[in-house]
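Everything numeric here is computed off the predicted structure, so don't read it as measured data. Below, each value reflects all heavy atoms present in this structure, side chains not excepted, and no hydrogens, waters or symmetry copies.
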Amino acid sequence: MKKQILASLVVLLALAGCSKNEHSETLTTQSSETAKVEKQKSAKTDIQVGKDYHSLSNPDEMKVTHVSLDLTVDFERKVLAGTAELTLEKIKADVKRLILDTRDLTMTAVTAGDKKVPFSLLEEDPYLGTPLLVSVPKDVNKVTVAYETSPDASGVQWLTPQQTAGKQHPFLFTQAQAIHARSFIPLQDTPKARVTYDAVIRTPKELLAVMSAANDPDTERDGVYEFNMPQPIPSYLIALAVGDLQFQSMGERTGVYAEASWLARAAAEFEDTENMLIETEKRYGEYSWGRYDLLILPPSFPFGGMENPRLSFITPTVIAGDKSLVALIAHELAHSWSGNTITNATWRDLWLNEGFTTYLTYRIMEFIYGTDRYNMELVLGAQDLAADIAELPEKDQILAIDLRGRDADDVFSNIPYEKGALFLRELEDKIGRDNFDQFLLNYFEHFAFQSITTEQFITYLDETLLAQYPQQLDKARILKWIFEPGIPAGAPTASSDAFTVVDNAHKAWLSGEEKAADINTANWNYHQWKYFVDNLPETMTVEQMSELDAVFNFTGYQNNEIAHSWLLHAINNDYKVAWDRLYDYLTTIGRNKLVKPLYAALSKTPEGKAFAKKAFDVAKVGYHPLTISANEGYVQ
Ligand code: BES
Ligand code: ZN
């Protein structure tokens with residue numbers, strides 16, 4: 001109640017055209033009191049299903065339905081500056097306030113037509129940013145916000161020419177998931193509310209802009225680029241990159257954008273993308289987005305991949321030369337169905353995006369590369385999951401995770417991914433693969449272009465699989481999967497004959513029966529090597545590490561995943577021979593999943609920490625803000 005009064009007060013003040021600063025200060029003090037009380041209350045009450053605790057905006061009252069951007073990319077000042085015109089739909093008839101999420105944005109004016117509209121900034125929340133309150137006059141359904149971003153925007157990375165492959169031109173990319181779109185566009189930054197968008201992006205003439213929208217590979221490079229995304233998407237899928245990019249086609253609907261020196265290698269590595277698209281469509285329904293292209297980013301991209309619609313953003317660290325890491329492409333492609341077409345309504349429901357996508361990834365790998373590959377990928381996934389279950393607190397092992405009061409980026413563990421996928425694999429096992437595929441096809445169609453909660457998914461299960469297969473499925477067990485920590489007993493397991501060979505090699509070597517040089521590794525593939533290194537004992541002597549290194553050259557290994565596993569052993573066993581390589585690794589790769597465990601392991605000893613600090617201080621200028629904030633704690 002108090003909150004409502006406050007909000008109306010703000011509107012009144014804004015409507016009265018009072019000077020923004022004076023009043024926002026008073027409001028700040030009062031609303032921080034209210035916020036405290038609210039917080040204490042919510043800690044005791046139950047979670048409100050479908051409420052997005054990571055947005056302060058009000059789409060339930062007045063919804064933004066379309067965003068129209070006109071932005072100039074200023075590499076010198078490291079800002080995006082221009083306007084966002086928002087089309088509004090009033091959900092509650094008499095509502096006059098529009099609340100947008102922003103973070104570190106500078107707003108210069110808000111207008112409707114050519115008239116100024118009152119606006120003010122509300123209290124800043126450390127995780128959620130600073131809400132922007134706009135009073136919308138009656139009968140107005142479009143407002144335009146003139147603004148610019150901060151050089152430190154959490155969702156934008158500005159790279160100097162030196163940080164690119166070509167070294168000639170600067171580079172820019174955005175990463176909006178989970179709640180960073182608000183750092184470059186004032187909008188309702190919640191996956192609950194979907195928007196269509198269009199954009200005009202103005203860049204230096206020699207550069208190309210691409211977006212998560214229709215991209216024309218043959219566009220004239222004149223520094224003014226226009227985009228249109230006609231399907232409604234959640235805000236975290238709005239994405240932009242600008243750089244000295246070239247395009248190469250890989251198939252009828254697929255192609256790759258990259259800096260020139262990566263282009264041919266990337267197109268060869270990912271040449272199966274078109275087939276992945278075709279095979280996925282066969283089972284799960286038509287691809288809804290037109291083209292599917294990949295954008296290869298500089299190595300500071302903080303993730304493996306990001307499923308920006310029509311244009312997945314991809315780390316170059318997966319270009320291994322042997323297609324060994326292309327599950328990442330299958331994953332980002334699969335999001336075109338699970339994630340982009342059906343979207344998690346809030347970040348608590350992230351497992352609906354990532355669990356379904358991880359399940360589909362395994363299936364796509366089998367469609368394209370066969371059952372042996374499928375089994376190996378499953379075992380490696382199961383091991384990652386087991387490691388997280390052993391380490392994470394119980395509350396973080398729950399699929400429908402409670403994120404109230406936490407940073408949305410905290411959900412990044414194997415739980416939504418691998419536990420989510422394992423749950424779906426159990427459903428598949430129980431009702432049969434064809435039936436489960438049919439279910440998925442229906443599910444994708446049923447909720448197409450909607451954002452849904454875990455509870456909506458459960459209701460849908462009730463109406464479909466639970467009704468159709470009462471003998472095979474058990475509701476209580478399904479709820480256990482979704483709402484309880486750990487893995488229910490009797491969950492599906494995975495095994496791979498190719499890995500039995502590796503297990504035997506481990507045993508023979510560790511017992512002293514066989515020297516490393518005598519292990520017959522002639523036909524081993526990437527996955528066997530990865531499994532071999534991952535499953536070496538935690539504690540080894542320097543002699544043992546040296547023997548392996550002398551025979552297999554793990555320290556010089558170019559595959560970034562295997563190098564990562566080896567470097568972890570090198571840290572944990574104080575194997576200093578590999579530390580030059582470790583330094584090189586940490587200062588050239590910014591993918592958080594690869595560097596974070598290394599920093600964490602280094603931080604456990606004073607010597608390791610000093611080394612980590614040295615590497616971090618050098619690497620930092622090239623790291624993405626997300627990688628910096630995830631790791632700075634380890635070097636302090
Ligand atoms: N959508 C995610 C990345 C993400 C998740 C960003 C949550 C921010 C918050 C993307 O699809 C993803 O899962 N990437 C993985 C790859 C994968 C093969 C598991 C990654 O980047 O490691
Ligand atoms: Zn994903």
Review point. Does Thr453 use its side chain to pair, donor to acceptor, with the backbone of Gly50 at less than 3.5 Å?
Key: no
Point to revise | Sub-6.0 Å ring centroid separation between Phe173 and Phe301 | key: yes
Point to revise | Heavy-atom donor-acceptor pair, Asp349 side chain to Thr454 backbone, under 3.5 Å | key: yes
Exercise for review: Check whether the side chains of Thr65 and Thr87 place a donor and an acceptor atom closer than 3.5 Å, and report yes or no.
Suggested key: no
Exercise for review: Taking His54 for its side chain and Arg406 for its backbone only, find out whether a donor-acceptor pair lies under 3.5 Å.
Suggested key: yes
**Study point:** Residues Arg265, Glu269: salt bridge by 4.0 Å N-O rule
**Key:** no
Practice item. Supply the atom-to-atom distance Asn535 CG to Lys530 NZ, rounded to the nearest 0.5 angstrom. Key: 9.0 Å
Review point. Rounded to the nearest 0.5 Å, how far does CG of Leu277 lie from OG1 of Thr273?
Key: 9.0 Å
Review point. Regarding Arg425 and the six-membered ring of Tyr362, is the cationic atom NZ or CZ under 6.0 Å from the ring centre and inside 45° of its axis?
Key: no
Revision key, fill the gap. CG of Leu172 to CG of Leu297, rounded to nearest 0.5 Å, is 10.0 Å
Point to revise | Closest heavy-atom pair and its distance - Thr343, Gly339 | key: OG1-O, 2.6 Å
Check your understanding: Do side-chain atoms of Thr361 reach the backbone of Ala327 as a donor and acceptor pair under 3.5 angstrom?
Key -> no
Point to revise | From CA spacing to verdict: side chain to side chain donor-acceptor pair (under 3.5 Å), Ser68, Asp198 | key: CA-CA 5 Å; Ser68 182; Asp198 62 59; 2.7 Å; yes
Practice item. Assess the pair Tyr236 and Trp347: is the distance between their ring centroids shorter than 6.0 Å? Key: yes
Review point. Hey, mind stepping through Phe439 and Leu461 against side chain to side chain contact (heavy atoms under 4.5 Å, CB included) and telling me if it holds?
Key: CA-CA 9 Å; Phe439 164 78; Leu461 269 188; 3.8 Å; yes
Check your understanding: Should we say atom NZ of Lys323 is surrounded by more than 12 heavy atoms from elsewhere, each under 6.0 Å from it?
Key -> yes
Point to revise | Smallest separation among heavy atoms of His624 and Pro302, with atom names | key: CG-CG, 3.5 Å
**Study point:** Short side-chain to backbone donor-acceptor contact, Gln163 and Pro299, under 3.5 Å
**Key:** no
Check your understanding: Quick one: CZ on Phe457 to CG on Asp462, what's the gap to the nearest 0.5 Å?
Key -> 10.5 Å
Review point. Between Trp289 and Phe449, is the gap from one ring center to the other below 6.0 Å?
Key: yes
Revision key, fill the gap. Which of Leu187, Thr174, Asp189 passes side chain to side chain contact (heavy atoms under 4.5 Å, CB included) with Ile238? It is Leu187
Review point. Is a side-chain N or O of Asp293 found less than 3.5 angstrom from the main chain of Gly255, in a donor-acceptor match?
Key: yes
**Study point:** Heavy-atom pair with the smallest gap, counting every atom of Val318 and Thr315
**Key:** CG2-O, 3.3 Å
Review point. Between Ser324 and Asn525, is any pair of side-chain heavy atoms under 4.5 Å apart?
Key: no
Check your understanding: Does a donor on one side chain and an acceptor on the other come within less than 3.5 Å for Gln175 and His180?
Key -> no
**Study point:** Where Ala176 and Ser235 come nearest, the two heavy atoms and their spacing
**Key:** CB-O, 4.2 Å
Point to revise | Main-chain N/O of Ser261 paired with Gln246 side-chain donor or acceptor, under 3.5 Å | key: no
Check your understanding: Would a 4.5 Å heavy-atom cut-off, applied to side chains only, mark Lys419 and Leu385 as touching?
Key -> yes
Practice item. May I ask you to say whether Asp437 pairs ionically with Arg363, meaning some side-chain N is under 4.0 Å from a carboxylate O? Key: yes
Review point. Can you tell me if Asp272 and Tyr369 form a side-chain donor-acceptor pair at under 3.5 Å?
Key: yes
Review point. Say you draw a straight line from OG1 of Thr219 to CG of Leu208; how long is it, rounded to the nearest 0.5 Å?
Key: 7.0 Å
**Study point:** Steps toward side chain to side chain contact (heavy atoms under 4.5 Å, CB included) verdict (Asp534, Leu380)
**Key:** CA-CA 9 Å; Asp534 277 358; Leu380 292 173; 4.2 Å; yes
Check your understanding: How many angstroms lie between atom CH2 of Trp337 and atom OG of Ser288, to the nearest 0.5 angstrom?
Key -> 7.5 Å
Review point. Side chains of Glu354 and His331: donor-acceptor distance under 3.5 Å anywhere?
Key: yes
Exercise for review: Look only at the side chain of Glu428 and the backbone of Phe436, and say whether a donor-acceptor pair between them is shorter than 3.5 Å.
Suggested key: no
Point to revise | Whether Asp216 side chain and Asp218 backbone form a donor-acceptor pair below 3.5 Å | key: yes
Check your understanding: Any side-chain donor paired with an acceptor under 3.5 Å for Arg253 and Tyr287?
Key -> no
Check your understanding: Any side-chain donor-acceptor pair under 3.5 Å between Gln438 and Asn442?
Key -> yes
Practice item. State whether the side chain of Asn375 and the backbone N or O of Asp497 hold a donor-acceptor pair below 3.5 Å, judged by distance alone. Key: no
Exercise for review: Might you confirm whether atom CG of Asp372 has over 12 heavy atoms from other residues, nucleotides or ligands at distances under 6.0 Å?
Suggested key: no
Revision key, fill the gap. Closest heavy-atom pair, Lys596 versus Ala630, reported as atoms and distance to 0.1 Å, is CE-O, 4.0 Å
Check your understanding: Closest heavy-atom contact between Ala345 and Lys192?
Key -> O-CG, 3.0 Å
Check your understanding: Step by step, would you call Phe499 with Met376 a side chain to side chain contact (heavy atoms under 4.5 Å, CB included)?
Key -> CA-CA 7 Å; Phe499 288 171; Met376 293 189 294; 3.5 Å; yes
Exercise for review: Test Phe423 against every option in Phe483, Trp481, Tyr417 by the ring pair (Phe, Tyr, Trp, His ring centres under 6.0 Å) rule and name the one that passes.
Suggested key: Trp481
Check your understanding: Does the pair Asn560 and Thr317 meet the rule for a side chain to side chain donor-acceptor pair (under 3.5 Å), with working shown?
Key -> CA-CA 6 Å; Asn560 290 308; Thr317 63; 4.8 Å; no
Exercise for review: Taking the six-membered ring for Trp and the single ring otherwise, decide whether the centroids of Tyr284 and Phe356 are under 6.0 Å apart.
Suggested key: no
Review point. Can you find a pair of side-chain heavy atoms, one from His564 and one from Tyr585, that are under 4.5 Å apart?
Key: yes
Point to revise | Crowding at CD, Glu252 (>12 non-hydrogen neighbours, <6.0 Å) | key: no
Practice item. Kindly determine whether Leu328 and Ile314 satisfy side chain to side chain contact (heavy atoms under 4.5 Å, CB included), including the steps that lead there. Key: CA-CA 8 Å; Leu328 179 95; Ile314 303 293; 3.8 Å; yes
**Study point:** Arg291 to Phe247 six-membered ring, cation-pi geometry met (6.0 Å, 45°)
**Key:** no
